[in-house]
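Atoms within a ligand are numbered from 1 in the order they appear, just like the ligands themselves. This is a predicted model, so every value here is computed, not measured.
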Amino acid sequence: MKVTIIGAGPGDPDLITVKGLTLLQEADVVMYADSLVSEDLVKRAKPDAEVIKTAGMHLEEMVDLMVERVQHGKKVVRVHTGDPAVYGAIMEQIVLLKQAGIGVEIIPGVSSVFASAAAVGAELTIPDLTQTVILTRAEGRTPVPETEKLKDLAKHHCTIALFLSATLTKKVVKEFLDAGWSKETPVAVVYKATWPDQRILRTTLEHLDEEMHKNGMRKQAMILAGWALDEHIHEKDYRSKLYDKTFTHGFRRGVKS
Ligand code: SAH
């Protein structure tokens with residue numbers, strides 16, 4: 001007996017995995033958080049599938065429903081936006097399901113962080129510039145552990161992807177500046193990546209807060225910050241060692257320059 005948690009991808013219904021779609025199409029019960037998961041994707045469920053919107057439900061209500069349906073022999077899938085592993089709040093469901101003797105299988109999805117990078121045509125790890133991406137959020141009503149304050153994370157000067165932070169940009173900017181980032185640091189914001197009303201904002205740390213206000217990007221926005229987001233990066237000569245002709249690696253012997 002199990003529930004399958006499926007990553008729906010960032011919005012575009014075609015961005016679910018083949019495996020996720022197959023399981024969705026086979027399901028008797030489909031649960032999803034409306035507004036975050038595309039209706040067009042949910043429509044691909046069997047015509048007689050029971051489709052349940054969960055946005056208005058609390059955790060126990062949702063889990064009780066899953067348990068009841070699974071115990072009646074139904075195939076239950078829970079569709080989550082992006083990839084379930086980041087800010088998916090899946091663990092609290094898994095714990096309760098386990099207590100009820102129900103297992104969970106997770107099918108990964110395309111996270112909005114990667115859909116947003118694709119939308120702006122960025123590589124988040126540019127050789128010789130940064131080899132690290134931090135996925136985090138600014139502290140708002142939800143606390144962030146003491147050792148993970150933005151100001152401390154930003155000291156790594158790597159690429160930083162901020163989830164759930166669209167209304168907290170004043171704070172974000174202050175913490176980045178406190179960590180020593182320059183005001184000119186490029187920032188790309190993608191609002192509703194891969195949805196028909198996707199919008200892209202390219203700005204700098206200095207103008208981030210005002211530009212987000214001006215553009216009305218106060219939710220469902222991914223903030224990507226760091227020099228890897230430099231719009232003019234193509235004009236610079238950042239080259240990966242992997243393709244460098246003088247570099248020997250597992251698949252190719254380098255030539256002497
Ligand atoms: N599990 C999801 C994240 C859920 S938390 C994932 O992997 O993408 C919700 C946050 O994710 C939003 O506040 C926003 O920061 C980001 N997000 C989700 N979908 C998005 C989209 N289509 N475009 C931009 N940001 C998105």
Side-chain angles (χ1 to χ4, degrees), residues 3-17 19-20 24 31-42 53-55 59 62 77-94 104-122 124 133-144 148 150 153 159-173 175-176 187-203 208-209 211-213 215-226 229:
V3 164
T4 307
I5 295 178
I6 302 174
D12 179 346
D14 285 347
L15 283 174
I16 192 171
T17 63
K19 188 164 189 172
L24 172 69
M31 298 176 72
Y32 76 109
D34 30 317
S35 87
L36 295 175
V37 173
S38 162
E39 297 278 342
D40 288 340
L41 179 62
V42 176
K53 298 184 177 185
T54 58
L59 176 66
M62 232 158 51
V77 301
R78 169 99 178 101
V79 185
H80 271 266
T81 174
D83 185 282
V86 271
Y87 307 107
I90 55 170
M91 200 42 69
E92 54 201 61
Q93 299 172 45
I94 295 173
V104 172
E105 183 185 14
I106 305 173
I107 311 297
V110 176
S111 174
S112 58
V113 59
F114 301 118
S116 298
V120 298
L124 302 179
V133 185
I134 294 179
L135 309 185
T136 189
R137 65 180 298 169
E139 183 163 37
R141 275 189 306 170
T142 309
V144 166
E148 297 171 20
L150 261 189
L153 299 181
T159 303
I160 299 194
L162 292 162
F163 291 74
L164 299 158
S165 304
T167 56
L168 300 165
T169 39
K170 265 203 173 61
K171 187 173 192 153
V172 168
V173 171
E175 299 215 21
F176 281 10
V187 183
V189 184
V190 184
Y191 168 79
K192 295 192 80 176
T194 79
W195 289 79
D197 50 346
Q198 165 184 300
R199 276 188 286 142
I200 292 172
L201 165 67
R202 284 187 178 273
T203 182
L208 175 66
D209 184 58
E211 290 282 332
M212 285 200 47
H213 266 286
N215 286 281
M217 295 177 166
R218 308 312 283 167
K219 55 172 184 151
Q220 290 193 61
M222 172 58 56
I223 302 172
L224 300 172
L229 281 307

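Side chains of Asp209 and Thr169: a donor-acceptor N/O pair is present below 3.5 angstrom, by distance only.
Residue Leu229 holds its CG atom at 7.0 Å from CZ of Arg202, rounded to the nearest 0.5 Å.
A distance-only check finds no donor-acceptor pair linking the side chain of Ser38 to the backbone of Pro13 [under 3.5 Å]. Checking side-chain atoms of Thr17 against main-chain N and O of Gly20 turns up a donor-acceptor pair under 3.5 Å. With Trp195 contributing its side chain and Pro10 its backbone, the two residues share a donor-acceptor pair below 3.5 Å.
A heavy-atom cutoff of 4.0 Å around ligand 1 is satisfied by the protein residues Pro10, Thr81, Gly82, Asp83, Val86, Tyr87, Ser111, Ser112, Phe163, Leu164, Val190, Lys192, Ala193, Trp195, Gln220, Ala221, Met222.
Side-chain contact between Leu162 and Met222: absent, with no pair of heavy atoms (C-beta onward) separated by less than 4.5 Å.
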